[in-house]
Amino acid sequence: MNFVEELRWRGMLHDIMPGTEDLLNKGMASGYIGFDPTADSLHVGSLAQIMTLIHFQRAGHKPYALVGGATGMVGDPSGKSAERNLLSEDALQHNLNGIKGQLEKFLDFECGANSAKMVNNYDWFKDFTFLDFIRDVGKHITVNYMMAKDSVKNRISGDTGMSFTEFSYQLVQGYDFYYLWKHENCILQMGGSDQWGNIVTGTEFIRRKDAGEAYALTTQLIKKSDGSKFGKTEGGNIWLDPAKTSPYQFYQFWLNASDDDAKSYIRIFTLFDKETIEALEAEHNTAPHLRVLQKALAKDITVRVHGEAEYEKAIKSSEFLFGSTGIEFLNELNDAEVISLFSGVPNYTVSLAELTGGIGVLDLLAVKTTVFPSKGEAKKTIQGGGVSINRVKIVADTEVFNASNLINNKFLVAQKGKKNYYLIILE
RNA sequence: GGGGGGAUACCAGAGCGGUCAAAUGGGGCGGACUGUAAAUCCGCUGCUUCGGCUACGAAGGUUCGAAUCCUUCUCCCCCCA
């Protein structure tokens with residue numbers, strides 16, 4: 001199956017420039033996707049782009065991952081309603097290093113002719129002077145053309161306006177494409193559907209400057225079936241970096257996908273073939289409450305991102321926290337085992353001496369720890385029946401805890417809502 | 001340069017002298033139902049030692065009393081030149 005067909009049946013394809021498929025069918029081609037260094041880790045949203053590159057490579061093509069050291073300094077206006085804050089050079093460098101390390105885990109950089117390659121556009125922009133840029137690049141693209149782009153139009157007709165810096169972004173990205181086309185024979189740029197305008201500026205630039213041919217392909221923006229934004233939870237973004245999103249939280253994120261979402265995610269984020277996926281769906285439909293689909297999805301991605309061992313730990317934690325195992329089960333474990341079981345959930349350390357004298361729930365959850373940001377909020381949630389300690393619902397905000405409430409003389413397990421656990425360690 | 005409009009909680013957006021910690025919608029959080037879904041319904045959504053305290057762009061002023069009236073300042077938008 002060729003690359004485009006692959007994306008198509010998985011529901012990933014959004015838009016493709018005419019001729020692209022024919023070109024790819026002729027043999028190995030090089031293509032790239034740019035990654036934004038706005039943070040030092042990629043998140044599940046970027047994972048979709050990584051998957052595109054993986055499919056590209058599996059179809060026998062040569063994938064390039066571009067990290068935007070230069071474009072990161074400018075800021076992409078696409079999909080943004082307000083001017084972006086610029087990152088300092090140091091922060092940018094730090095972010096680039098983090099992202100590079102992650103990309104290396106997904107693509108094969110040593111498989112011969114179609115080995116993946118990583119490039120940083122800062123390398124070709126750092127010595128590019130402003131005058132050279134406006135003469136060699138700016139001259140080929142009219143302002144009229146740039147103004148017609150949705151990302152620009154939206155901002156100009158909106159309230160916030162747009163700086164010259166962001167306006168020029170599409171030229172900078174357009175030049176990236178030209179540079180890679182010229183020096184690396186990169187003939188295709190891919191990206192999320194919000195990147196179409198930027199990518200096409202690149203193909204246009206290549207055509208006008210060197211009368212060259214280059215192609216564009218974009219993938220569907222991932223949306224949840226309820227319309228809300230993909231990749232965010234109460235805790236914020238879901239990151240690939242285990243220090244930012246623990247493997248347990250990562251596993252939980254996928255496990256919690258709704259049925260509809262799971263059906264689309266499993267096509268996008270796993271490499272299972274069509275038959276396997278359809279079989280899983282059939283199985284899921286006969287007993288939806290077992291959530292076979294979500295489990296298969298969560299397992300596959302967690303193993304690929306964090307490894308088998310972390311997946312096993314996430315499963316164990318999940319089974320305990322959401323299973324029917326009673327809290328007494330903890331008594332059978334030693335301290336290290338308990339801490340490991342809770343390794344994915346936020347934990348706090350409180351002095352044992354203070355607890356001996358008794359600590360009220362409000363102080364415990366809002367002062368000694370930051371389970372709640374204020375006592376007022378803790379109180380309200382308790383009144384709404386949303387707080388448990390050691391799996392027992394708190395009924396009054398005056399309840400006091402002391403050493404006799406400890407599990408293994410060391411722990412308290414707090415819950416906010418059903419899904420949010422916190423481990424309080426007393427020492 | 002001239003004229004006009006505006007700035008309210010996370011966002012949008014009412015309020016235009018007391019009854020305003022501020023309508024309504026969205027978002028968020030919590031509860032019920034359930035499959036740790038979806039949909040639906042319900043509650044909460046400034047802090048507090050529960051006496052109060054701090055809040056409606058900023059600083060002053062009028063008033064017993066201001067988000068609401070006046071003055072100055074800052075920022076934004078629109079029209080004309």
Side-chain angles (χ1 to χ4, degrees), chain A residues 79-83 154-163 223-238 246-266 280-281 283-299 302 314-327 341-342 344-346 359-368 370-389 391-398 400 413-422:
Chain A
K80 300 284 186 302
S81 55
E83 183 80 12
N154 293 341
R155 285 281 288 281
I156 288 183
S157 60
D159 292 341
T160 44
M162 173 182 221
S163 67
K223 271 249 209 69
K224 296 208 284 187
S225 51
D226 63 6
S228 61
K229 205 169 170 186
F230 167 75
K232 298 245 175 174
T233 61
E234 315 82 62
N237 265 324
I238 300 296
S246 69
Y248 160 78
Q249 289 164 326
F250 188 84
Y251 176 79
Q252 284 286 324
F253 169 76
W254 298 104
L255 191 69
N256 273 306
S258 71
D259 290 5
D260 286 346
D261 289 338
K263 284 174 189 166
S264 90
Y265 294 171
I266 201 159
L280 279 167
E281 280 175 352
E283 191 185 344
H284 180 91
N285 290 337
T286 58
H289 60 281
L290 294 179
R291 289 180 298 152
V292 198
L293 211 50
Q294 283 90 338
K295 282 179 182 163
L297 170 73
K299 176 181 177 179
T302 308
I315 286 280
K316 265 195 180 160
S317 301
S318 298
E319 276 171 0
F320 171 70
L321 296 174
F322 293 101
S324 50
T325 326
I327 192 97
L341 196 62
F342 283 88
V345 319
I359 299 181
V361 227
L362 296 179
D363 281 312
L364 182 68
L365 299 179
V367 181
K368 302 294 175 204
T370 51
V371 172
F372 289 97
S374 72
K375 285 196 200 178
E377 192 160 333
K379 200 189 253 180
K380 280 171 201 153
T381 311
I382 288 172
Q383 278 159 5
V387 180
S388 295
I389 292 206
R391 288 248 173 98
V392 179
K393 193 163 273 192
I394 302 295
V395 289
D397 55 36
T398 49
V400 173
V413 176
Q415 261 172 289
K416 180 176 93 180
K418 262 182 296 201
K419 299 185 194 172
N420 304 305
Y421 278 89
Y422 304 85

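Below, read A as the first sequence line, B as the second, and so on, with proteins coming before strands; counting in each chain starts at 1.
Nucleotides B/rG18 and B/rU45, compared at atom C1', are 26 Å apart to the nearest Å. Separation of the C1' atoms belonging to B/rA9 and B/rC77 is 23 Å when rounded to the nearest angstrom. Spacing between B/rU68 and B/rC53 at atom C1', rounded to whole Å, works out to 22 Å. Taking atom C1' in both B/rU74 and B/rG25, one finds a spacing of 31 Å when rounded to whole Å. The gap from the C1' atom of B/rG17 to that of B/rC11 amounts to 29 Å, rounded to the nearest Å. Annotation: B/rG46 and B/rA39 have their C1' atoms spaced 33 Å apart (nearest Å). Straight-line distance between the P atoms of B/rC70 and B/rC16: roughly 15 Å, to the nearest whole Å. Here the separation of B/rG65 from B/rG31, taken at their C1' atoms, is 41 Å to the nearest Å.
The distance from atom CG of A/Leu290 to atom P of B/rU34 is 16 Å, rounded to the nearest whole Å. One interatomic measurement links the two molecules: CG of A/Asp259 to C1' of B/rG35, which rounds to 8 Å at whole-angstrom precision. B/rG31 atom P lies 6 Å from atom NZ of A/Lys418, rounded to whole Å. The CD atom of A/Gln415 sits 14 Å away from the P atom of B/rU36 (whole-angstrom rounding). To the nearest angstrom, P of B/rA37 lies 13 Å from NZ of A/Lys295. The interatomic distance linking A/Ile315 (CD1) with B/rU36 (P) rounds to 14 Å, in whole Å. When rounded to the nearest whole Å, the span between CD of A/Gln294 and P of B/rU36 equals 11 Å. One atom, CG of A/Leu293, and another, C1' of B/rG35, lie 13 Å apart when rounded to the nearest Å.
A cation-pi arrangement, defined by a distance under 6.0 Å to the six-membered ring centre and an angle within 45 degrees of its axis, is absent between A/Lys416 and A/Tyr422.
Nucleotide B/rG1 has B/rC80 as its partner under the Watson-Crick or G-U criteria, with both atom distances under 3.5 Å. B/rA39: no Watson-Crick or G-U partner with both key distances under 3.5 Å is found in any strand. B/rG65 is unpaired under the criterion used here, namely a Watson-Crick or G-U wobble arrangement in which both key atom distances are under 3.5 Å. In this structure B/rC10 sits in a base pair with B/rG26, meeting the Watson-Crick or G-U test at under 3.5 Å.
In this entry the base of B/rG51 is syn relative to its sugar, with a glycosidic angle within 90° of 0.
Along RNA chain B, the nucleotide nearest to A/Arg291 and the one nearest to A/Val387 differ in position, and the one closer to the 5' end is contacted by A/Val387. Along RNA chain B, the nucleotide nearest to A/His289 and the one nearest to A/Phe372 differ in position, and the one closer to the 5' end is contacted by A/Phe372.
Remark: A/Tyr248 pairs with no residue by the ring-ring contact (aromatic ring centres under 6.0 Å, His included) rule, at least two apart or across chains. In terms of the salt bridge (Lys or Arg N to Asp or Glu O under 4.0 Å) criterion, residue partners of A/Lys368 (sequence neighbours excluded) are, by chain and number, A/Glu354. For A/Leu341, the side-chain contact (heavy atoms from CB on, under 4.5 Å) partners at least two apart in sequence or on another chain are A/Lys316, A/Ser317, A/Phe320, A/Phe329, A/Leu330, A/Leu333. Taking the side-chain hydrogen bond (donor to acceptor under 3.5 Å, both in side chains) definition, one finds that A/Tyr421 meets it with A/Arg391, A/Gln415, sequence neighbours left out.
Distance check: A/Leu293 CG to A/Asp259 CG gives 7.5 Å after rounding to the nearest 0.5 Å.
Each of B/rG35, B/rG30, B/rA37 was ranked by its minimum atom distance to the side chain of A/Asn420; first place goes to B/rG30. For A/Pro288, taking side-chain heavy atoms from C-beta onward, the closest of the listed nucleotides B/rA37, B/rG30, B/rG35 is B/rG35. Checking B/rG30, B/rU36, B/rA38 against every side-chain atom of A/Ser258, the shortest atom distance belongs to B/rA38. When distances are taken from the side chain of A/Gln252 to each of B/rU45, B/rU36, B/rG30, the shortest belongs to B/rU36. In this structure, the nucleotide among B/rA37, B/rG35, B/rG31 sitting nearest to the side chain of A/Lys393 is B/rG31.
As judged by a 4.0 angstrom heavy-atom cut-off over every strand, A/Ala262 is placed among residues making no nucleic acid contact. The residue A/Gln383 sits apart from the nucleic acid: no heavy atom pair falls under 4.0 Å.
Surrounding NZ of A/Lys263 are more than 12 heavy atoms belonging to other residues, nucleotides or ligands, all under 6.0 Å away.
With hydrogens and angles ignored, no donor-acceptor pair under 3.5 angstrom links the side chain of A/Glu377 to the base of B/rU45.
The phosphate of B/rG35 has neither OP1 nor OP2 within less than 4.0 Å of any side-chain N or O from A/Asn256. For A/Ser374, a side-chain nitrogen or oxygen approaches OP1 or OP2 of B/rC47 to under 4.0 Å.
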List every contact pair, protein side and nucleotides 50-55 of chain B side both N or O, where the distance is under 3.5 Å.
unit_1, atom_1, unit_2, atom_2, d
B/rC50, N4, A/Lys379, NZ, 3.3

(request) For the pair A/Gln294 and A/His284, evaluate side chain to side chain contact (heavy atoms under 4.5 Å, CB included) and give the outcome as yes or no after the intermediate values. (result) CA-CA 9 Å; A/Gln294 283 90 338; A/His284 180 91; 3.3 Å; yes
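Minimum heavy-atom separation, A/Thr302 to A/Pro247: CG2-O, 4.3 Å.
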Contacts under 3.5 angstrom, residues 374-388 of chain A side chains, donor-acceptor by atom type, not counting sequence neighbours:
unit_1, atom_1, unit_2, atom_2, d
A/Ser374, OG, A/Glu377, N, 3.2
A/Lys375, NZ, A/Asp363, OD1, 3.3
A/Thr381, OG1, A/Glu377, O, 2.9

